[in-house]
Number of protein chains: 2
Amino acid sequence: MPVGYSVAMTARPTPDTVGDPPDDLWLNAEEKEAWTGLVSLVLLLPGQLDAPLQQHSGLSLFEYLTLSHISEAPDRRLRMSELAFLANGSLSRLSNVVKRFEQRGWVERSPDPEDGRYTVAALTDAGYDVVVDAAPVHVRAVRQLVLDPLTAEDQEALARIAAKLRVRPADLA
Amino acid sequence: MPVGYSVAMTARPTPDTVGDPPDDLWLNAEEKEAWTGLVSLVLLLPGQLDAPLQQHSGLSLFEYLTLSHISEAPDRRLRMSELAFLANGSLSRLSNVVKRFEQRGWVERSPDPEDGRYTVAALTDAGYDVVVDAAPVHVRAVRQLVLDPLTAEDQEALARIAAKLRVRPADLA
DNA sequence: ACGTTTAACTTCAAGCATGAAGTCATGCCG
DNA sequence: CGGCATGACTTCATGCTTGAAGTTAAACGT
């Protein structure tokens with residue numbers, strides 16, 4: 001068994017054949033850089049973004065997004081399925097979160113009068129106060145961690161890249 | 001109380017004052033686009049990247065990265081702290097993962113002979129087989145979900161942006 | 001030598017996410 | 001009409017992550 005190297009996305013086991021054929025099984029240097037960068041974003045940022053909210057308001061990022069999106073909706077009410085889409089979560093995840101919010105008196109759920117299959121989540125005044133209190137903390141964190149380190153071109157590129165990669169789940173269940 | 005709108009990172013409550021002063025409390029259109037894009041990446045991609053690995057090998061992305069990084073290290077051994085850094089996880093998270101791997105016979109832990117404070121994780125042959133089996137599935141997913149939708153310029157920009165945003169935790173605990 | 005500090009883990013309890021299965025309201029088709 | 005299919009949730013068991021507290025080894029200062 002050869003001395004250990006090379007399972008994954010690094011140089012290939014066989015070091016340097018002449019005239020590299022494009023190889024679908026491994027990533028080249030540029031691809032690897034993009035991938036490792038994305039991985040560290042995806043694995044490290046959530047915690048960084050959660051922390052300030054968690055400390056100040058006891059909210060996770062996803063919980064904050066949930067409250068925030070309801071607060072921005074007309075009449076501060078939103079169907080669960082629309083909310084799940086906006087907050088980038090599954091219906092199951094959202095349902096659990098909203099249940100906890102309801103127990104804290106921040107949100108109330110009721111069947112949609114126009115179609116009983118939908119559930120409408122409505123923000124209470126207490127819930128509104130929570131978002132208003134948390135918003136500045138959140139915005140500050142977003143600026144410090146994300147926006148400030150990037151140039152305008154970076155921000156534009158980020159939006160473009162995210163749009164290309166965004167794969168909305170076919171089923172939100 | 002005014003009709004509900006505007007808590008968070010959207011247009012400001014007061015619609016259009018003339019000659020916008022730069023406002024630190026809210027995000028403008030470009031900033032918001034970059035931010036919402038990043039959020040959906042960060043919230044949706046992990047699940048998308050986990051799925052193929054989970055289905056084929058019962059591994060999460062983080063678990064795969066763990067095994068993969070050990071397999072690429074000299075002699076297929078790595079200190080826990082280095083591994084945690086490479087895999088973008090906390091030492092606590094890694095410790096739990098490696099414990100499970102050890103129970104499955106994929107990894108063995110031992111104190112570093114050169115400095116007893118370190119723990120060295122070594123990949124077994126069985127563990128090596130697992131990575132070798134999972135790698136093609138993983139690479140295929142990375143290509144389909146991330147690399148293929150992006151141009152070379154996009155990939156370059158992504159690597160640059162990730163480097164700017166990467167905030168390695170000061171303490172990995 | 002010896003206590004103190006630092007740092008690398010490890011452990012465990014609490015809380016959250018996931019995904020499969022169940023419930024229920026509508027729409028649809030015969 | 002009546003049953004079936006669809007889609008929007010809701011629930012719950014399982015497993016994982018988190019963070020605080022504990023353990024141990026080396027370095028450091030006296």
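Naming convention: chains lettered A, B, ... in sequence-line order (proteins, then strands); numbering from 1 in each chain.
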(message) Reading DNA chain D from 5' onward, which residue's closest nucleotide shows up sooner: A:Leu43 or A:Thr119?
(response) A:Thr119

Of all the choices, [options], which nucleotide is nearest to the side chain of [X] once you look at every atom?
X: A:Asn96; options: C:dC16, C:dG19, D:dC9; answer: C:dG19
X: A:Glu63; options: C:dC16, C:dT10, C:dA17; answer: C:dC16
X: A:Ser95; options: D:dT11, D:dT17, C:dA17; answer: D:dT11
X: A:Ser92; options: C:dC12, C:dT18, D:dC9; answer: C:dT18
X: B:Ser81; options: C:dA17, D:dC9, C:dA8; answer: C:dA8
X: A:Arg100; options: D:dC16, C:dC16, D:dT17; answer: C:dC16
X: B:Tyr118; options: C:dA8, D:dT10, C:dT10; answer: C:dA8

(request) Measure the spacing between CD1 of A:Ile161 and CD of A:Glu156 and express it to the nearest 0.5 Å. (result) 11.0 Å

(request) Give, for atom CG of A:Asn28 and atom CD of B:Gln155, the distance between the pair rounded to the nearest 0.5 Å. (result) 7.5 Å

Euclidean distance, atom [atom1] of residue [X] to atom [atom2] of [N] [Å, nearest integer]:
X: A:Arg93; N: C:dC16; atom1: CZ; atom2: C1'; result: 8 Å
X: A:Leu94; N: D:dT11; atom1: CG; atom2: P; result: 13 Å
X: A:Asp115; N: C:dG27; atom1: CG; atom2: P; result: 6 Å
X: A:Arg109; N: D:dT10; atom1: CZ; atom2: C1'; result: 8 Å
X: B:Met80; N: C:dA8; atom1: CE; atom2: C1'; result: 10 Å
X: A:Leu61; N: C:dC16; atom1: CG; atom2: P; result: 15 Å
X: B:Gln103; N: D:dG15; atom1: CD; atom2: P; result: 12 Å
X: A:Gln54; N: D:dT17; atom1: CD; atom2: P; result: 17 Å

Show each protein N/O and nucleotides 1-6 of chain D N/O combination with a separation under 3.5 Å, one pair to a line.
none

(message) Does A:Arg109 form a side-chain contact (heavy atoms from CB on, under 4.5 Å) with A:Val120? I'd like the steps, not just the answer.
(response) CA-CA 6 Å; A:Arg109 277 183 291 187; A:Val120 175; over 6 Å; no

(message) Please find the pair of heavy atoms, one from B:Ala73 and one from B:Leu78, that lie closest to each other, and give the distance.
(response)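 Here B:Ala73 and B:Leu78 meet closest at CB-CD1, 3.6 Å.
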
(request) Scan side-chain atoms only and decide if A:Ser40 and B:Arg166 contain a donor-acceptor pair under the 3.5 Å cut-off. (result)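 Their side chains do contain a donor-acceptor pair, which is all the 3.5 Å distance test asks for.
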
Give every donor-acceptor pair under 3.5 Å between a side-chain atom in residues 93-101 of chain B and any protein atom, sequence neighbours left out.
unit_1, atom_1, unit_2, atom_2, d
B:Asn96, ND2, B:Ser92, O, 3.2
B:Arg100, NH2, B:Glu63, OE2, 3.4

(message) Quick check against the 3.5 Å criterion: does B:Asp50 have a side-chain atom that pairs as donor or acceptor with the backbone of B:Ser60?
(response) no

